[in-house]
Amino acid sequence: MRTIGVLTSGGDAPGMNAAVRAVVRSGCEKGMRVMGIRRGYNGLMYGDMYEMNLRSVSNIINRGGTILYSARSPEFKTEEGMQKAINVCREVGLEGVVVIGGDGSFRGARDLSLRGIPCVGIPGTIDNDIACCDYTIGFDTSMNTVMQMVDRLRDTTESHDRCSVVEVMGRRAGYIALNAGIACGATTILIPEIEFDFERDVIERMKRTQKTGKRHFIIIVAEGIGGVSEMAKKIEEVTGIESRATILGHVQRGGSPTVRDRVTGSLMGCKAVELLEKGIGNRVVATRKEDIVDYDIFEALNMTKHIDEGLYRLAHEISI
Ligand code: ADP
Ligand code: F6P
């Protein structure tokens with residue numbers, strides 16, 4: 001392929017810039033023309049793109065967000081929207097597109113591939129909820145941010161002998177909550193994948209640890225469960241422990257990416273270009289343990305991923 005495009009789509013994630021940089025640098029080094037498409041599929045539908053060169057991606061590996069901007073683009077899901085994007089690809093001469101985003105973005109990439117524009121997806125989302133991937137770009141940075149924020153909360157929670165009920169992101173998945181919850185030493189972690197009983201898993205657990213001398217508590221709740229304000233009220237009513245709710249929100253999506261996100265983004269960006277160079281599209285780049293692999297997008301979208309229940313049990317065993 002002589003001309004390829006790269007876009008970032010859906011919720012941004014720290015490390016997307018590292019992936020963009022790798023796509024641009026390895027594409028240019030292979031003699032390709034690389035077009036940076038702005039604001040996800042919107043840029044593809046309306047031709048908002050520019051030719052990038054080796055220097056277009058200088059000084060971005062350390063930056064959160066995405067220099068290409070991101071968007072959710074409902075119009076692209078319509079047949080007319082899709083057709084606009086295909087026409088733009090033909091006009092500009094785009095022979096392949098690297099789509100960095102979550103599984104919604106991959107559905108778009110699959111549809112484009114089906115209509116003759118080969119696409120390769122790179123998993124970029126803090127949620128780590130893409131079935132074919134052990135790991136998605138942004139997850140590590142986000143968990144570290146949660147850990148730092150909850151460490152701060154712990155200071156004030158401890159000073160006041162309080163309970164902090166903290167909501168973390170993850171859409172319908174509990175990966176951030178589970179892993180950051182362990183790192184924060186949460187008394188209880190509530191995630192959508194595992195059934196819980198509020199009385200048994202929160203109230204009784206707090207009372208039991210209280211008897212061993214514990215006077216402050218951190219409860220981590222995945223956004224897929226939600227309701228942290230009501231939970232804090234209930235805890236205060238039933239236990240008498242003063243409680244506060246905190247929703248960490250979009251702070252979890254920002255910040256300078258960690259080593260893991262920079263390295264993973266770089267490796268995945270190079271892999272995506274390698275595939276397109278060989279004329280291979282309709283693939284998702286993924287991690288499998290230490291390896292960078294790739295899957296057919298249809299296959300990838302039909303895979304399922306399960307949270308590690310053993311890890312969940314262990315988290316509760318050691319947080320008492
Ligand atoms: P993510 O990629 O993070 O999962 P979204 O689900 O918001 O985020 O998807 C990002 C964009 O991908 C959407 O705004 C839309 O343009 C495109 N998209 C999502 N789902 C589909 C679909 N089923 N078919 C085609 N395009 C889709
Ligand atoms: O997918 C990333 C994510 O941050 C989710 O954790 C969260 O549910 C969602 O995006 C928030 O989306 P928005 O930025 O549109 O509020």
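Both backbone and side-chain heavy atoms feed into the values below; hydrogens, waters and symmetry mates do not. Ligands are counted one by one from 1 in listed order, and the atoms in each one are counted from 1 as well.
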Taking the six-membered ring of Y69 as reference, does the NZ or CZ atom of R38 fall below 6.0 Å from its centre and within a 45° cone about the axis?
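No - R38 does not lie over the ring of Y69 by the 6.0 Å and 45° rule.
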With a cut-off of under 6.0 Å to the ring centre and 45° to the axis, is K305 in cation-pi contact with Y175?
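Verdict for Y175: a cation-pi partner in K305.
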Cationic N near anionic O, under 4.0 Å, R260 to D140
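The answer is no: the pair does not qualify as a salt bridge.
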Looking at E223 and R171, is there a salt bridge between them, counting it only when a charged N and a carboxylate O are closer than 4.0 Å?
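Judged by the 4.0 Å cut-off on N to carboxylate O distance, R171 and E223 do not form a salt bridge.
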Check each protein residue for a heavy atom under 4.0 Å from ligand 2 and list those that pass, ordered by chain and number.
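Correct list: R72, T125, I126, D127, M169, G170, R171, E223, H250, R253.
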Applying salt bridge (Lys or Arg N to Asp or Glu O under 4.0 Å), can you list everything that pairs with E75, at least two apart in sequence or on another chain?
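Counting only residues at least two positions away or on another chain, E75 forms a salt bridge (Lys or Arg N to Asp or Glu O under 4.0 Å) with K84.
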Ignoring hydrogens and geometry beyond distance, is a side-chain donor-acceptor pair present between Y295 and N282 at under 3.5 Å?
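Side chains of Y295 and N282: no pair found under 3.5 Å.
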Any donor-acceptor pair under 3.5 Å linking the side-chain atoms of N53 with those of S56?
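Looking only at side-chain atoms, N53 and S56 do form a donor-acceptor pair, the distance falling under 3.5 Å.
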Heavy-atom neighbours of K234 NZ exceed 12 at 6.0 Å:
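Count not over threshold, so no.
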Per-ligand residue contacts, ligand 1, heavy-atom threshold under 4.0 Å:
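Answer by chain and number: S9, G10, G11, Y41, R72, S73, F76, K77, G102, D103, G104, S105, R107, G108, D111, R171.
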Distance-only criterion, 3.5 Å: show the donor-acceptor pairs between side-chain atoms of residues 239-247 and protein atoms not counting sequence neighbours.
| from | atom 1 | to | atom 2 | distance (Å) |
| --- | --- | --- | --- | --- |
| T239 | OG1 | I235 | O | 2.5 |
| T239 | OG1 | I241 | N | 3.1 |
| E242 | OE2 | R162 | NH2 | 3.4 |
| E242 | OE2 | R244 | NH2 | 3.2 |
| S243 | OG | I241 | O | 2.9 |

